[in-house]
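To start, the structure under review is shown below, and the notes come after it.
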Protein chains: 2
Amino acid sequence: MADVAREAGVSVATAGRALGDYGRVGDDLRDRVKAAADRLGYSPNVVARSMRSGGTHSIGFVGADISNPFFATALRGVCDVAREHGYEAILTNSDDRLDVERAAVQVLLDKQVEGIVVAPTSVTDVDHLKRAQEVGVPIVLLDRSSSALDADSVVIDNEMAAHDAVTYLLNLGHRRIGMLACVDVEESPEVVARAGTGRLQARGAARPSIDRIRGYLAAMDDYLAPSSADLVRCTGLGSPAQAEREADALLALAQPPTAVFAADNVATQGVFRAARRRGLAIPGDLSMVGFDDLDWTTLVDPPLTVVAQPPLDMGRTAAEQLFARIKGEDRPGERIVLPTELIVRSSAAGHGAQKRSA
Amino acid sequence: MADVAREAGVSVATAGRALGDYGRVGDDLRDRVKAAADRLGYSPNVVARSMRSGGTHSIGFVGADISNPFFATALRGVCDVAREHGYEAILTNSDDRLDVERAAVQVLLDKQVEGIVVAPTSVTDVDHLKRAQEVGVPIVLLDRSSSALDADSVVIDNEMAAHDAVTYLLNLGHRRIGMLACVDVEESPEVVARAGTGRLQARGAARPSIDRIRGYLAAMDDYLAPSSADLVRCTGLGSPAQAEREADALLALAQPPTAVFAADNVATQGVFRAARRRGLAIPGDLSMVGFDDLDWTTLVDPPLTVVAQPPLDMGRTAAEQLFARIKGEDRPGERIVLPTELIVRSSAAGHGAQKRSA
DNA sequence: TTGTACGCGTTATCAT
DNA sequence: ATGATAACGCGTACAA
C-alpha cells in the first residue's frame, strides 16, 4: 500500500482513503490512486483491516448437522443474504451437543464474527449465547426461541402446526392416533397424566418436538380422544434406523393406532418404512401425516400429506434480522413466526363412520 | 494482554509465550500467566495473531449449491476434518456460475484462508484457482478434476460408473436405452457421429455428466446396441421440473427406450416422475438405473437400482489432502478416485429373450 | 529463561 | 482535502 501511494504520488493516508472508501478524497486523486493500485495488482489486506476496524465481514452459523436437508436449506438462505451484504458465513456443526455448541460459539467469537445465527441445542442453557451478546455480537435463534435470551428468533408455530395436523386426522374420524418424534436422547420428554384432570401433558424443556407433542395432546383433548403415553414415542436424533424401530413398536401395540402423526422428517421416514414392512397399506390400514415437505414425500406411493415449513425463508429471515442488528438497530428481541402449511395429499383417509370419542 | 502480563507480574513477551505456546517459558511462570488470564477472562485476539503469523485457521469451500444433498454431505465431511485440525470452513455457493465462483475465490483469498476445497464450475477455465496456488493457497478439486491445474482432486470414475450401470441394463437384455443428465445450460454437450465409424461420441469440456455420457456410449458400443442422439438428453441444472419434462420427451419418442439411465439425482427424480405420470410400470414397462444413493430411492416403489457415490468420504478425503498441503507437503497433484457401487434393487428387469444387437 | 522493542498493514486522529 | 503519525494486538529478533 505504501507502494501504491508512492506510485500515485500521494500519502498512504490518502491512498487508504481512496481504496477503502472512507474519509474525503478528491475525485482526481481517487482515480489516480485506483489506477496505481490496478497497475500494481494491489489488493488490500483484509486481516489488517479487520484488526484495525474490528469488522471482519463474517458471520457464524451453527446448526446440528448440515447434511440434514432442513439445515442445509436454511444455511443456503443465510449465505444468500450474507452475500448480499458483502459478508461470508463460517459454518459449524453442533451435532445437537451442548458442549460442542459452546466450543463452536467460542471459536466464532474468537474469529470475531459480527453476528451468529444459531439453531440452539438447548433453550435454557444459553450462557454462551448471552456472553456473545455481551461482547457485542448479536445472536439470532433459528428453529427454536428462548425466553432465557433477549434475542430475535425465527420459528414456526410448532404447537399449532401439530394441532392442525392432528385435528385433520381427528376430523377424518380417527381417534386412536399415534405420534413419533425425534428428540435429544439426553432430555427425552416425559408424557405424564396431570393431577386432577388426568389429562396428559408433556414435560421437558421447550423444543420444537415438545411443542409438537403439546399440539398433539391439545388436539386430542379437543376431541375427547383417549390418548395414552404409549401412543407418543420418541427416538434419538439423526438415526433413521432407530426411528423405524420405534415406529414399528408403535404399530405393534395391542391396540395399534389407526393413524400416526410423524413430527419431523426422519420420523416421517420411519413411520413410512415401518408401515411398509408390516405390509400396512397407506392410507387403507394406516393414515399418516408427516413433517417437512421434502421432495421424496411426493415421490412415494401414496404421496404424503405433510406439514410444510419454509426452511429457506427461515434462513433468509434469520440473516436479515441479524444484519439489522449488525447495522446497529437496537430493540428488544423479536419472535418471528413464519407460517406453516398442511399440504393435503393422499396418505390419510377417513376412518369409521364418524366414530365418537371413547 | 498487557493487563494479563501486569496481573501476572511478567512482561508481555512472557505472557504471550505462555498463552501462545511458543518459545521457552518456565513452568511456574506459565501457570501464573494462565491463571491471570483466566482471572481476567482474557482470550487472545485471533485476528491480530493472524495478521502477524499469516495463518487464519480457516479454509474455504465453494460448491454449486449447499442445499443439494451431495454438496451438503460433502461439506459435512470437510467440516469434520477441518475441526479435527482446529480449522473452520467458510462457505460459498457458486450456483455453477463461473463469474460467481471467481468472485468467491477472490473473497476467500482476501480473507486469507489457508486452503480451498472447490467443486469447480469449469475444468478448463481455472486461472483464478491457479492464482490461488501462486499466492500459496492450496486447492483441492472435488467432484471434478482438471488437467489444466496441478492440484489434488477427489472424484469418482464417472465413465466407469456409467459404463457399469448401462452394461447392467444391457445384460438384462435391453438394447434401446435412454439416458438423461443435468448439465450447465451454457455448455450443453453435443452428441455427434464420429466420421468414419459413424459411432456416437460426446463433445464438450470434461465434466462428470460428459464422462457419464461417454461411459454410456462405450457400453452401448460394446454390445453393438444402436444408439442415437435422440436417446441422450440433457437438461439444465437444479431444475427438477425441467428434468421431468425432458424425461417425458424421452419416453414420448416414436420408438421409446425400454430402459433409462439417469445420470444424477435430479435426473433420477425426473425419470421416475415422468414414468409414473405416463402410467409406465417400473420395471414392467420401463427399467431404470439412477444415480446417488439418496434415502428416497429406497422409499419409493419399487426401490431404485442406483449408482452410489460416497459424498461424505469425498468431502473428508478432499479436506485431508488439503491439510496435507497446508502442513507443507509438496508433490504433484494427485487424482484420487473413490469407488462407486452399483446397488441393485428392483427398478430394472430383464427384457426380451436375450435379444441380440440390431 | 526472561525482557525490550520493532514490525505486520491498515485505519483513525490530528494537524495543516 | 491532504499529509504525518499513532495505534490496533500479537509474534519475534535480539539483548540481557
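Per chain, numbering begins at 1; letters A, B, ... match sequence-line order.
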Side chain proximity check, B:R325 to B:R331, heavy atoms < 4.5 angstrom = yes
Separation of B:R30 atom CZ from C:dG3 atom P, in whole Å?
-> 14 Å
Which one of A:V140, A:I139, A:T92, A:V126 satisfies the side-chain contact (heavy atoms from CB on, under 4.5 Å) criterion with A:V118?
-> A:I139
A:R24 CZ to D:dG3 P: how many Å, rounded?
-> 16 Å
Specify the residue among B:S43 and A:D27 whose closest nucleotide of DNA chain D lies further upstream toward the 5′ end.
-> A:D27
Looking across every strand, which nucleic acid part, if any, lies under 4.0 Å from B:V25 by heavy atom: base, sugar-phosphate, or nothing?
-> sugar-phosphate
Does B:R102 pair with B:D125 as a salt bridge, N-O distance under 4.0 Å?
-> yes
More than 12 foreign heavy atoms under 6.0 Å from CZ of B:R24: is that the case here?
-> no
Distance-only, no hydrogens or angles: does the B:S53 side chain make a donor-acceptor pair with backbone N or O of B:R49 under 3.5 Å?
-> yes
Salt-bridge contact A:D3-A:R6 (side-chain N to carboxylate O under 4.0 Å) = yes
Please list each protein N or O that sits under 3.5 Å from an N or O in nucleotides 7-9 of chain C, with the distance.
residue : atom : partner : partner atom : Å
C:dG7   : N2   : B:R52   : NE           : 2.7

Residues within residues 6-18 of chain B bordering DNA chain C, heavy-atom distance below 4.0 Å = B:V10, B:S11, B:A13, B:T14, B:R17
Please report, rounded to the nearest Å, how far the C1' atom of C:dT11 is from the NE2 atom of A:H57.
-> 13 Å
Correct closest heavy-atom pair for A:P310 and A:L338 would be CG-CB, 4.1 Å
Does CZ in B:R97 sit with more than 12 non-hydrogen atoms of other residues, nucleotides or ligands closer than 6.0 Å?
-> no
B:Y22 OH to C:dG3 P: how many Å, rounded?
-> 13 Å
Round to a whole Å and report the spacing from CD of B:Q112 to P of C:dT10.
-> 10 Å
